[in-house]
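What follows is a set of notes on a single structure, which appears directly below.
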Amino acid sequence: MTLTLHDTLHREKRVFVPRDPERVTLYVCGPTVYDYAHIGNARPPVVFDVLVRLLRREYGADSVVYARNVTDVDDKINARATKEGTPIGEVTARFEAAYLDDMARLNVSPPDIAPHVTDHMDAIVAQIGQILEQGCAYVAEGHVLFDVSSYENYGRLSGRNLDDMIAGARVEVAPYKKNPHDFVLWKPSKDGEPSWPSPWGAGRPGWHIECSAMIEETLGLPIDIHGGGIDLVFPHHENEIAQGVCAHGHAHAADAHEAYSRHWMHNGFLTVDAEKMSKSVGNVLLLHDLVQALPGEVVRWALLSAHYRQPLDWNQDLLDQSKKNLDRLYGALRRAAEVAPLGDMPSPEFLEAISDDLNTPGAMATMFALSSEIERAMTAGDLQAVGIAKAELMASGAILGVLLSTPDQWFESGVDDALRVEVEALLAERVTARAAKDWAEADRIRDRLNALNVVVMDSPGGATWRLKG
Ligand code: AMP
Ligand code: ZN
């Protein structure tokens, strides 16, 4: 399989070749844990989870090292803790736990490494020291600032030119900065703010240095792929490159950026009903609420239904369509429930689509073709063709991270809670009645389940059920 991925820095699709196929490294900027994630925040972890699943299939499960950090040092975290009157560690633990719970509902596999800023303070301080030694940063009024003019390729990732940026700068510039675009590596903490010791005084790191230091310490440089949302290209990732490159004395090498990450990927933005999500508009949809209200696979399918680089509009139609699409695929699998899958490979068409810069809409279309093939072959009684198409459909689903339930579980999940409770209670009574050989009672329960439109399937592992139709 030839995998091509769009590269933000080179502005083109490139064939992906890892530095070491036995250790493919990937880093995605993770959440700042001060609140629940919104649905836009879920797009990067889901998109990059598909990439990781694909890479693991290609290079082997143990040959991919995926890191997604947790930013647990941030002014917004401090503000929340102060407002609530709770310790900072409690705020970060609460929202990290909620995030992981939501990710699990979306079938997002946990990353191999989840570095926390608070656990990597020594590496952060050490990297700032290296950047200073290389003459790419300076100390001013208790701050350490990166000197953007020291890095020749500054602006290369985002396509910005430093001179234009300086001419256009309207930001209010702190008096201690030499250049308006110089950014903070370390800043002093006020009383009551969290702080760590450093050669420049007690304080805390800037946001960008956290990622470059944790990448170097957990994965080693250069990494193969760095990902995140498009809003991170500038300044976050531009600054990460500058730090990662300059810490090692490559500030003037033309291809210095290659020493940090060999490939850059960014997902497009998600809007809600064609509007940017914002607190002031009041249209911020929390992932936490969505995955309570809907099956996680519906949310995941919807997130993958546009190509990851394109904008994605979140609306009721998208959710209805996603549910319908999954019903269709699960429906075919249910029809083929008694046929054993033959093989464990996705179809060649699926692989072709997904390895073309993660073309998820194209990949989904190949899955519909497989579900039609299952229906056709079932009708024709061609069980070998059913087995092959079923295996291909399930293996394709495993890469997109969907179709991971059984069809029965899937069709049960649309049932409202009151009905579920009633059915489960009746099934429990049925077990008791049968054990007592009370056939009249067992018949009464069967009639009641029938009236509820429920089909019961007995198997050695116990009874499962679904709605008729
Ligand atoms: P943040 O917590 O704001 O740092 O964002 C976490 C991740 O979500 C980053 O990779 C952002 O680029 C991404 N992100 C934030 N908002 C959106 C959005 N509306 N659509 C897609 N990605 C987003
Ligand atoms: Zn980052």
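Because the structure is predicted, anything quoted here is derived from the model rather than measured. Along the sequence shown, residues are numbered consecutively beginning with 1. Order of listing sets the numbers, starting from 1, for every ligand and every atom in it.
- When each of K76, R94, R80, K83 is checked for a salt bridge (charged side-chain N to carboxylate O under 4.0 Å, His left out) with D35, only R80 meets the rule.
- Classification of the Y176-H143 ring pair by plane angle, with boundaries at 30° and 60°, yields parallel.
- The residue L312 has no part lying near ligand 1, judged by heavy-atom distances below 4.0 Å.
- Between L232 and ligand 1, no N or O atom pair is found at a separation short of 3.5 Å.
- Taking the ring centre of F234 as origin, the terminal cationic atom of R160 falls inside the region bounded by 6.0 Å and 45° from the ring axis.
- When the options L404, L400, D49 are evaluated for a side chain to side chain contact (heavy atoms under 4.5 Å, CB included) with R300, the one that passes is D49.
- Legend: residues meeting side chain to side chain contact (heavy atoms under 4.5 Å, CB included) with V284, ordered by chain and number and at least two apart, are H38, M277, K279, L286.
- The six-membered or imidazole ring of Y34 lies away from that of F95, with a centre-to-centre distance of 6.0 Å or more.
- Among pairs with a residue in residues 10-30, those fulfilling salt bridge (Lys or Arg N to Asp or Glu O under 4.0 Å) read E12-R14, K13-D356, at least two apart in sequence or across chains.
- Between H237 and H226, the ring centre distance stays below 6.0 Å.
- In this structure, SG of C29 and NE2 of H236 enclose an angle of 120° at the Zn ion (ligand 2), rounded to 10°.
- Note on ligand 1: G268 sits in its first shell, one or more heavy atoms being nearer than 4.0 Å.
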**Request:** List the steps and the verdict of side-chain hydrogen bond (donor to acceptor under 3.5 Å, both in side chains) for Y36 and D102.
**Result:** CA-CA 10 Å; Y36 292 110; D102 297 342; over 6 Å; no
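- The closest protein non-hydrogen atom to atom 8 (O) of ligand 1 is N41 ND2, 3.2 Å.
- Ligand 1 is approached by P44 to a heavy-atom distance shorter than 4.0 Å.
- The contact set between ligand 1 and G229, taken as ligand atoms under 4.0 Å from a residue heavy atom, comprises 10 (O), 12 (O).
- Considering only non-hydrogen protein atoms, atom 4 (O) of ligand 1 sits nearest to T32 OG1, 4.4 Å.
- Between Y330 and F411, the two ring planes are perpendicular [angle over 60°; tilted spans 30° to 60°].
- Residue R43 has no nitrogen or oxygen atom sitting less than 3.5 Å from a nitrogen or oxygen atom of ligand 1, judged on distance alone.
- Contact analysis puts H38 in contact with ligand 1, with a non-hydrogen atom separation below 4.0 angstrom.
- Close contacts between ligand 1 and L270 involve ligand atoms 18 (C), 19 (N), 20 (N), 21 (C) [criterion: under 4.0 Å to a heavy atom].
- Nearest non-hydrogen protein atom to atom 11 (C) of ligand 1 is D231 OD1, 3.4 Å.
- In summary, C211 places an N/O/S atom under 2.8 Å from the Zn ion (ligand 2), meeting the contact criterion.
- Nearest protein neighbour of atom 21 (C) of ligand 1, counting heavy atoms only, is G40 O, 3.3 Å.
- Per-residue contacts place N267 under 4.0 angstrom from the following atoms of ligand 1 (heavy atoms of the residue considered): 21 (C), 22 (N).
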